[in-house]
Structures are given as C-alpha cells and as structure tokens.
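Single-structure report; data block below.
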Amino acid sequence: VSLIINFNPLNIFYFINIFTAIFYGLPVPLLPILAYSRGVNESLLGVIFAIYSVANLIIIPYTNTMIDNYGRTRVLYAMTLIKTISGLLYISLFYIYDFMTFVTVAIIARTLQGLAVEIINIIIFSLCTLYSSNSTEDNSKNLSIAEGATSLGYMLSPLVAISSYFGYTV
C-alpha cells in the first residue's frame, strides 16, 4: 500500500520485479503435472529444471557487456521479449502431446527463461542503486524493497499457477 501512496519511479521497477518473480515460479507446480502426463520421468524433469541454472551460468558473464553495448533499456526490452516468448512456449506445452516435442519445447522455454529473468533482475537492482540518493541507507532501503518485491512474486507464483490451472481466481 505504501508503494502506491508514496509513488516514485522506483515503484515501477518493484512491480516489474514482482511480475518477473511470478513468471519465474509459474512452471514450478504445473510443469511436473504436464511432464508426467506426457511420459517424462523424474530424471529428465530434473534436467529440464536444471537448464535454467545452466543458461544463467552462460549468460551472466556477458550481462555487463550487453548493457554497456546496448544500454539498460534495450537489454530490458529484449529480455522482456525473450521472457514473453518463453511464456508462450510454456503455454504451448499444454497442447503438445508428443514426448520428444514436449521435452524439446520445455528445455527451450526453460533456457530462454534462464537467460531473461536473471538479467531483468540484475537491471532492476542496478536501477535501484542508480536512482537511490547517495546515502547508503537509501540505497539499502531501495534494494530491500526490490528484494521484498521479488520474494512476494515467488510467494504468489504457485498460487497463480495452480489457481489458473484448476480454474480458480485469486
């Protein structure tokens, strides 16, 4: 509530963090349900989930170079587009029944998500620092709110996923 009443430009970044975290967590409760119904075993499902971290490890060293070459705004837009494509691929999994196609699309979706979500978080946290006053206290407060927004998104994502899957509204 205080985020809305005391509006400042950082609030936009906080809301982006909430939605990015919700998006990150959406496949967690649903992907196993879909995967098991398509014949995917636990080991392969583990690989599908682990590919997110592999994508992170590959892209994170190049994040500063991308931001320096293209700017925060362009990289943020590009990563948002990649995140959206990943989301569309996740939605398509509901309609894919072929085992190999399902696994391939799930790995691609998880890889794209791994590339995009963490870079978006890095940009958001750097913008929190950039838009803070010079005081350490203000910077710490803004980063704490951004991290709290991320935690809120992580907390809400399973509720949103399960309720949408079973047809309930949150």
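Membership of the apolar cluster around F125 extends to L143, as traced through chained side-chain contacts below 4.5 Å between ILVMFWY residues.
Between P29 and G25, the shortest heavy-atom distance links the atoms CD-O, 3.4 Å.
Within 6.0 Å of CZ on F99 lie more than 12 heavy atoms contributed by other residues, nucleotides or ligands. For OH of Y70, the number of neighbouring non-hydrogen atoms (other residues, nucleotides, ligands) closer than 6.0 Å is 12 at most.
Transitive grouping of hydrophobic side chains (ILVMFWY, heavy atoms separated by less than 4.5 Å) brings Y36 and L31 into a common cluster. No chain of hydrophobic side-chain contacts below 4.5 Å, direct or via other Ile, Leu, Val, Met, Phe, Trp or Tyr residues, connects Y62 to I67. A continuous path of hydrophobic side-chain contacts links M100 to I107 [ILVMFWY only; heavy atoms under 4.5 Å]. In the hydrophobic clustering of this structure, Y77 does not group with I85; members are Ile, Leu, Val, Met, Phe, Trp, Tyr whose side-chain heavy atoms approach within less than 4.5 Å, directly or through other members. When hydrophobic clusters are built by joining Ile, Leu, Val, Met, Phe, Trp and Tyr residues whose side-chain heavy atoms come closer than 4.5 Å, directly or via intermediates, I58 is grouped together with I108.
Summarising the geometry, atom OG1 belonging to T73 is positioned 8.5 Å from atom CD1 belonging to I123; distances are rounded to the nearest 0.5 Å. For the atom pair T84 OG1 and L89 CG, the distance stands at 11.0 Å (nearest 0.5 Å). Between L76 atom CG and L81 atom CG the span is 11.5 Å, to the nearest 0.5 Å. Here the CZ-CD1 distance, from F15 to I124, works out to 12.5 Å after rounding to the nearest 0.5 Å. Taken to the nearest 0.5 Å, the CD1 atom of I18 stands 12.0 Å off from the OG atom of S157. Atom CE in M79 sits 9.5 Å away from atom CG in L112 (nearest 0.5 Å).
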Exercise. Side chain to side chain contact (heavy atoms under 4.5 Å, CB included) between L30 and F94: does it pass, once the steps are laid out?
Worked result: CA-CA 10 Å; L30 298 180; F94 283 96; 4.1 Å; yes
Problem set entry | K83 and I120: CA distance, side-chain angles, deciding distance, side chain to side chain contact (heavy atoms under 4.5 Å, CB included) verdict | CA-CA 9 Å; K83 183 179 74 165; I120 290 171; 4.1 Å; yes
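In this structure, F13 and L10 have side chains that are in contact, with non-hydrogen atoms separated by less than 4.5 Å. Annotation: side chain of M66 is in contact with side chain of I59 (closest heavy-atom distance under 4.5 Å). Contact annotation: the side chain of P27 approaches that of Q113 to within less than 4.5 Å [non-hydrogen atoms, C-beta and beyond].
At least one donor-acceptor pair under 3.5 Å links the side chain of R38 to the backbone N or O of L93. With hydrogens and angles disregarded, a donor-acceptor distance shorter than 3.5 Å links the side chain of T20 to the backbone of I16.
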Going by atom type alone, with no hydrogens or angles, which donor-acceptor pairs under 3.5 Å involve a side-chain atom of residues 148-155 and a protein atom two or more places apart or on another chain?
residue, atom, partner, partner atom, Å
T150, OG1, N17, ND2, 2.8
T150, OG1, A146, O, 3.0
S151, OG, E147, O, 3.2

In a table with atom names and distances, give each donor-acceptor pair under 3.5 Å that connects a side chain of residues 43-57 to protein atoms at least two apart or in another chain.
residue, atom, partner, partner atom, Å
Y52, OH, E118, OE2, 3.0
N56, ND2, Y52, O, 2.9
N56, ND2, G114, O, 3.1

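Defined by atom type and a distance below 3.5 Å, a donor-acceptor pair is present between the side-chain atoms of N142 and Y14.
Of the candidates T63, V75, V117, I122 forms a side chain to side chain contact (heavy atoms under 4.5 Å, CB included) with just one, namely T63.
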